[in-house]
Visitor: 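Below you'll find the structure I mean.
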Amino acid sequence: MAVRVQQEDFDFGAEADAFAEGRADAGAVVTFTGLVRDRPDGGLREMEIEHYPAMTERAIAAIEAEAVSRWNLVDSLILHRYGRLRPGARIMMVATAAPHRADAFAAAEFLMDYLKSRAPFWKKEVTDAGAEWVAAQAEDEAALGRW
Amino acid sequence: MAVRVQQEDFDFGAEADAFAEGRADAGAVVTFTGLVRDRPDGGLREMEIEHYPAMTERAIAAIEAEAVSRWNLVDSLILHRYGRLRPGARIMMVATAAPHRADAFAAAEFLMDYLKSRAPFWKKEVTDAGAEWVAAQAEDEAALGRW
Amino acid sequence: MKLTVLYFAWVRERIGLPRETIETDAATVADLVEELRGREPRYELAFADLSALRVAVDQELADFDAPVRDVTEIAFFPPMTGG
Amino acid sequence: MKLTVLYFAWVRERIGLPRETIETDAATVADLVEELRGREPRYELAFADLSALRVAVDQELADFDAPVRDVTEIAFFPPMTGG
């Protein structure tokens, strides 16, 4: 189990590989990676991610502990960046390893749903026209209801 | 969209990285990796994966086409090995990229459910006590019902 | 009519060969299975329980009542266990 | 009682500072919000719609009726948008 919150970029392939490597106890490894999505008009200059440092790691660790208590996992990893990111840049990743694929998938989706709405990060989109805070989506809040 | 069926090992990290790299159109990338899981008693010597070469790629391509028609995906990758594999070795991976995470997750789970029960692969476990074909699980067949 | 018939996994092991060419007048896959069953005990054993078997006709999954006319390749195997 | 109060995202921008120390006798978070609203228009603007705000008390998500007694840090921010 690991949680990292950092400004620096991370090497998705190397992280995914190290996480999955030689897990004879697992069988199933799921990763999710979130990238900075450009606006449909291609006009995104950058995305700024603000966070609440004193709260972030403990909030994520609590979400992870909940996942571990619900599913049969052998490991998990949560990595989230903050700062100013370009379109296409990596924002975050989660990885789950489990004996069975259903657990690995469910835990990864649960982690994503909770990170999205319960970890103290806020995104701001900067375009040539100005900057705008990303609004929370009703569907993201609704997604929590399924767990 | 890509399908590869091969005997050789693959570099999960490099594949995952190349798949996710710079996708300003995607936002969400999900990967699943299946590894050879050891038996609870640690007695698995190897897993042999047999397949039906003339049918495999077209069966997988049909499953992939179905996923593309159901979800808003910008790309997908399916890679499956055959031959003799050690515990912990990589068997296969799928990757999906989508503008929204719900599509990326659903498509990856759909691909896994169908690959499991509709692509012509058969697993045999070899232990010191002998060799045994892995039986299909009722839950794997049942999983298809949700799509 | 000449057909290539393929066997995979334990079907292949029970019959003792991976493929063979068969001359048949079977109308459906089920008819072909009946014919094969009558050949030798190893075929009877392999085809003892059709519910444990799957069939592909020209590399597409099919039912046992699928017609065999104009077909070039039929494969028998247990339920798949990939992924 | 002395409290550290933090603001994030557009709450920080509207109030114009990321944190401040506040001397208060508020019993609940809602009381503290009322106090802040009365200070200056920029606070009134930031706290205009409580349904658009979230609060953390000592780094745990809390409700607006949470007690403030023995608390050292309260943070106000919009709904999170991580992931």
Side-chain angles (χ1 to χ4, degrees), chain A residues 3 5 32-37 47-63 78-83 85 90-94 108-125 130-144, chain D residues 1-22 24 28-29 32-33 36 42-83:
Chain A
V3 173
V5 179
F32 177 91
T33 317
L35 307 171
V36 176
R37 187 155 51 96
M47 180 170 275
E48 287 180 28
I49 300 179
E50 180 171 335
H51 77 132
Y52 178 2
M55 181 176 167
T56 312
E57 292 210 23
R58 63 189 283 187
I60 298 179
I63 294 167
I78 300 169
L79 213 159
H80 205 301
R81 295 177 67 195
Y82 57 89
L85 308 178
R90 288 168 281 260
I91 301 174
M92 51 79 64
M93 73 175 282
V94 308
E109 291 194 68
F110 171 90
L111 290 173
M112 284 309 305
D113 284 352
Y114 273 81
L115 284 172
K116 201 96 192 161
S117 306
R118 291 291 181 270
F121 293 97
W122 300 274
K123 292 190 184 118
K124 188 186 207 175
E125 290 186 341
E132 206 169 343
W133 291 97
V134 173
Q137 302 289 316
E139 69 200 53
D140 285 330
E141 190 63 30
L144 301 183
Chain D
M1 179 181 51
K2 259 195 174 136
L3 270 182
T4 302
V5 182
L6 293 91
Y7 310 111
F8 292 97
W10 58 254
V11 183
R12 171 179 56 70
E13 289 179 341
R14 286 188 193 174
I15 291 177
L17 77 177
R19 66 162 64 210
E20 60 187 318
T21 302
I22 285 176
T24 181
T28 67
V29 173
L32 175 65
V33 168
L36 291 168
R42 59 192 169 109
Y43 287 93
E44 217 181 309
L45 180 68
F47 290 106
D49 177 11
L50 283 198
S51 76
L53 288 182
R54 299 291 178 270
V55 60
V57 172
D58 284 343
Q59 293 127 33
E60 299 258 11
L61 283 173
D63 293 322
F64 281 89
D65 57 6
V68 162
R69 195 183 169 78
D70 297 328
V71 159
T72 63
E73 183 172 304
I74 294 187
F76 296 102
F77 41 77
M80 289 94 140
T81 54

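Keep in mind that this is a model prediction, so the values were computed, not measured. Quick note on labels: first sequence line is chain A, next is B, and so on, each numbered from 1. For the numbers below, each heavy atom of this structure counts, side chains included, while hydrogens, waters and symmetry mates do not.
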Visitor: So which of A:Lys123, A:Glu48, A:Met93, A:Glu141 has the biggest tally of heavy-atom pairs under 4.5 Å with chain D?
Guide: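 Looking at each of A:Lys123, A:Glu48, A:Met93, A:Glu141 in turn, A:Lys123 comes out on top.
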
Visitor: Relative to chain D, which segment of A:Lys124 carries a heavy atom at a distance below 4.5 Å: side chain, backbone, both, or neither?
Guide: side chain

Visitor: Please state whether the side chain, the backbone, both or neither of A:Ile49 comes within less than 4.5 Å of a heavy atom of chain D.
Guide: neither

Visitor: For the OG1 atom of A:Thr56 and the CE atom of D:Met80, what is their distance to the nearest 0.5 Å?
Guide: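 Going from the OG1 atom of A:Thr56 to the CE atom of D:Met80 covers 9.0 Å.
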
Visitor: In terms of heavy-atom pairs under 4.5 Å with chain D, which of A:Arg58, A:Arg81, A:His80 leads?
Guide: A:Arg58

Visitor: Just verifying a value: how many Å separate A:Trp122 CH2 and D:Arg54 CZ, rounded to the nearest 0.5 Å?
Guide: 11.5 Å

Visitor: Report the distance from atom CH2 of A:Trp133 to atom CZ of D:Phe77, rounding to the nearest 0.5 Å.
Guide: 12.5 Å

Visitor: Which answer fits D:Ala9, side chain, backbone, both or neither, if we ask what part of it has an atom under 4.5 Å from a heavy atom of chain A?
Guide: both

Visitor: Counting only heavy atoms closer than 4.5 Å, note whether A:Arg118 contacts chain D via side chain, backbone, both or neither.
Guide: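 Looking at A:Arg118, backbone and side chain both touch chain D.
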
Visitor: Less than 4.5 Å to any heavy atom of chain D: does that hold for the side chain of A:Ala59, its backbone, both, or neither?
Guide: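 Neither the backbone nor the side chain of A:Ala59 comes within 4.5 Å of chain D.
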
Visitor: Taking atom CD of D:Glu20 as the centre, report whether more than 12 heavy atoms of other residues, nucleotides or ligands fall under 6.0 Å from it.
Guide: yes

Visitor: Please report the shortest heavy-atom distance between D:Gln59 and A:Tyr52, naming the atom on each side.
Guide: CG-OH, 3.6 Å

Visitor: Checking A:Ala135 against chain D: side chain, backbone, both or neither under 4.5 Å from a heavy atom?
Guide: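 Answer is backbone: N, CA, C or O of A:Ala135 sit under 4.5 Å from chain D.
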
Visitor: Nearest 0.5 Å, please: how far is OG1 in D:Thr81 from CE in A:Met47?
Guide: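 Reported value, rounded in 0.5 Å steps: 8.0 Å.
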
